[in-house]
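For reference, the structure is listed below as structure tokens.
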Amino acid sequence: MPHALSDKASVQILVQQCLAHGLREIVISPGSRNAPLILSFNAIPEITCFTIVDERSAAFFAMGMAQQLNRPVALLCTSGTAALNYAPAIAEAYYQEIPLLVLTADRPAEWIGQADGQTIPQANLYENFIRYQANLPVAAQDPDDQWYAHRIISEAFIKTQDPVCGPVHINIPLREPLYDKSASKSFAHHSITQLKPQSVLTEKQLDVLAGQWNACHSVMIICGVCQPNKQLNESINQLSANTNTVVLSETTSNIKGAGFVECIDRQLAAIDHHHASHYAPELLISFGGQIVSKRIKQFLRTYPPKAHWHISMNDEVVDTFQHLSLAVKMKPVDFFSQIASAITNGESEYKKCWKKLTFQSRKMHDQYVNGVEWSDLKALSFVFRNIPASTQLQLANSTPVRYAQLFQDDIKGNTFANRGTSGIDG
């Protein structure tokens, strides 16, 4: 890499490591303290630099890129309160499991608390909303400092995607002068990668879980926020073919199938409350991130399943419906791909019951929308019907994403929204 980079060893190591780990996009908010990093990243043709002056907007822009590209995207800002403006998007990325590499330039430690400009304590700045954080050495002239810098940068990249995706933070203290350049140097240590074998259920575990599933008259799979995944989609469709199994999805699930129960609130609104318990499952299986529908959360808390399995690699115990019985620490794509072949199609009216409800609710919906006067509802019914299937749709909170759930069966493309913390942001 014979480019003229900043003469600071820590910056050269960082840029070289980012390139080695496959970083291809960085969103930069320019400043003075991050000048060495700006000069260096712009010298690398393999990495595309986007300039957005406002840090808050820049962070959401980077998050949206990472969300759609499904790979780490970097953020870079100057020191001081500039870094605080990243916080809303970082929190969103943390809960929505989106990989971000957050790079913040900083003053050296001896100037913290000394009334120097653009200087605040930046170590552990995003402590509650970050998967990994580290400080680079200021000079990195000693071989041990260089080894340490290589190691923590590699670890940061690993943590953007393991055990689940999410944001990581590298803080970079820099001394003046800030604008000097030199030819890129070759450092002794290389990047560290990680091999993570695919997780599988043992034969005994598979027999027990499949046996419980097959014994149930009613099984409900509910999909939260997910990245598009062809293999996962195929497995869920295979399971949906069983008469005892219904799949409830939302636009942000990016799980699509002809027999799925979409527009969840629309279906629940059509249920006669005297027969509501008929639609409740014996076994509930959930995966993915947040669920938009408040109605389904309340329904499943009111009519609880006998068993609830949640499939996730996240180390949090997620009990959204207050009746969790089993946390399965696997990637949903691995779990459903494995168990799909072990599920048998027994006799049940459960799927037929939901299918009839879907037909009734769609008829009522069409009658209302066709007769309603011109309004935002009428306009969005036209918009959602006419969005091309190849479109990557980004939905804003909070009304637009709820309208999308109402017209979900008209939306053909992939859909994304800020449904990690559900803040009115970005």
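The shown structure was predicted, so the numbers you read here are calculated from the model rather than taken from an experiment. Note: hydrogens, waters and symmetry copies are ignored here, and every other heavy atom, side chains too, is used.
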Ring centres under 6.0 angstrom apart (Tyr279, Tyr350) | no

After noting the C-alpha distance and the side-chain angles of Asp106 and Asn171, does the key distance pass the side-chain hydrogen bond (donor to acceptor under 3.5 Å, both in side chains) rule?
-> CA-CA 7 Å; Asp106 196 4; Asn171 192 51; 2.8 Å; yes

Kindly determine whether Gln133 and Asn124 satisfy side-chain hydrogen bond (donor to acceptor under 3.5 Å, both in side chains), including the steps that lead there.
-> CA-CA 7 Å; Gln133 51 199 359; Asn124 303 317; 2.8 Å; yes

Over all atoms of both residues, closest heavy-atom pair of Leu100 and Thr160 | O-CG2, 4.0 Å

Polar contact flag, side-chain donor to acceptor under 3.5 angstrom, Asn314-Glu97 = yes

Between the CD1 atom in Ile222 and the OG atom in Ser293, the distance rounded to the nearest 0.5 Å is 7.0 Å

How close do Ile339 and Ala210 get, heavy atom to heavy atom, and via which atoms?
-> CD1-N, 4.3 Å

Does a side-chain heavy-atom distance below 4.5 Å link Phe416 with Gln392?
-> yes

When you look at CZ of Phe50, are more than 12 heavy atoms from neighbouring residues, nucleotides or ligands closer to it than 6.0 Å?
-> yes

The side chain to side chain donor-acceptor pair (under 3.5 Å) partner of Ser79 among Arg33, Arg107, Gln122 is Arg107

Can you check side-chain hydrogen bond (donor to acceptor under 3.5 Å, both in side chains) on Glu25 and Thr48, steps first, answer last?
-> CA-CA 5 Å; Glu25 297 87 14; Thr48 302; 5.8 Å; no

Taking the side chain as C-beta and beyond, is there a heavy-atom pair between Leu174 and Lys8 under 4.5 Å?
-> yes

With a 4.0 Å cut-off, would you call Arg175 and Glu110 a salt bridge?
-> yes

More than 12 foreign heavy atoms under 6.0 Å from NZ of Lys294: is that the case here?
-> no

Going from CD on Gln408 to OG1 on Thr251, what distance comes out if it is rounded to the nearest 0.5 angstrom?
-> 5.5 Å

Side chain proximity check, Ile343 to Asn214, heavy atoms < 4.5 angstrom | yes

Kindly check if the number of other-residue, nucleotide or ligand heavy atoms within 6.0 Å of NZ (Lys378) is above 12?
-> yes

Step by step, work out the ring-ring contact (aromatic ring centres under 6.0 Å, His included) result for His308 and Phe321.
-> CA-CA 9 Å; His308 173 201; Phe321 308 106; 5.6 Å; yes

Can we say Glu250 and Arg419 salt-bridge, meaning some charged N sits less than 4.0 Å from an Asp/Glu carboxylate O?
-> no

Hey, does Phe260 have a side-chain heavy atom less than 4.5 Å from the side chain of Ile236?
-> yes

For the residue pair Leu103 and Leu14, establish whether any side-chain heavy-atom pair is separated by less than 4.5 Å.
-> yes

Has Lys331 got more than 12 heavy atoms of other residues, nucleotides or ligands less than 6.0 Å from its NZ?
-> no

Pair Ser235-Gln231, side-chain donor/acceptor within less than 3.5 Å = no

Lys NZ or Arg CZ of Arg385 over Phe407 ring: under 6.0 Å, within 45° | no

Expected output: side-chain Gln322 to main-chain Pro304 donor-acceptor under 3.5 Å = no

Lys/Arg N to Asp/Glu carboxylate O, Lys256 vs Glu262, below 4.0 Å | no

Output the distance between atom CH2 (Trp147) and atom CD1 (Ile152), rounded to the nearest 0.5 Å.
-> 10.0 Å

Using only heavy-atom distances, determine whether the side chains of Ser191 and His150 contain a donor-acceptor pair under 3.5 Å.
-> no

Going by heavy atoms in the side chains, are Ile291 and Lys297 under 4.5 Å from each other?
-> yes

Can you list the steps and then say if Gln227 with Gln68 is a side-chain hydrogen bond (donor to acceptor under 3.5 Å, both in side chains)?
-> CA-CA 8 Å; Gln227 291 287 330; Gln68 292 197 13; over 6 Å; no

Given Arg266, which of Asp409, Asp410, Asp366 fulfils the salt bridge (charged side-chain N to carboxylate O under 4.0 Å, His left out) condition?
-> Asp409

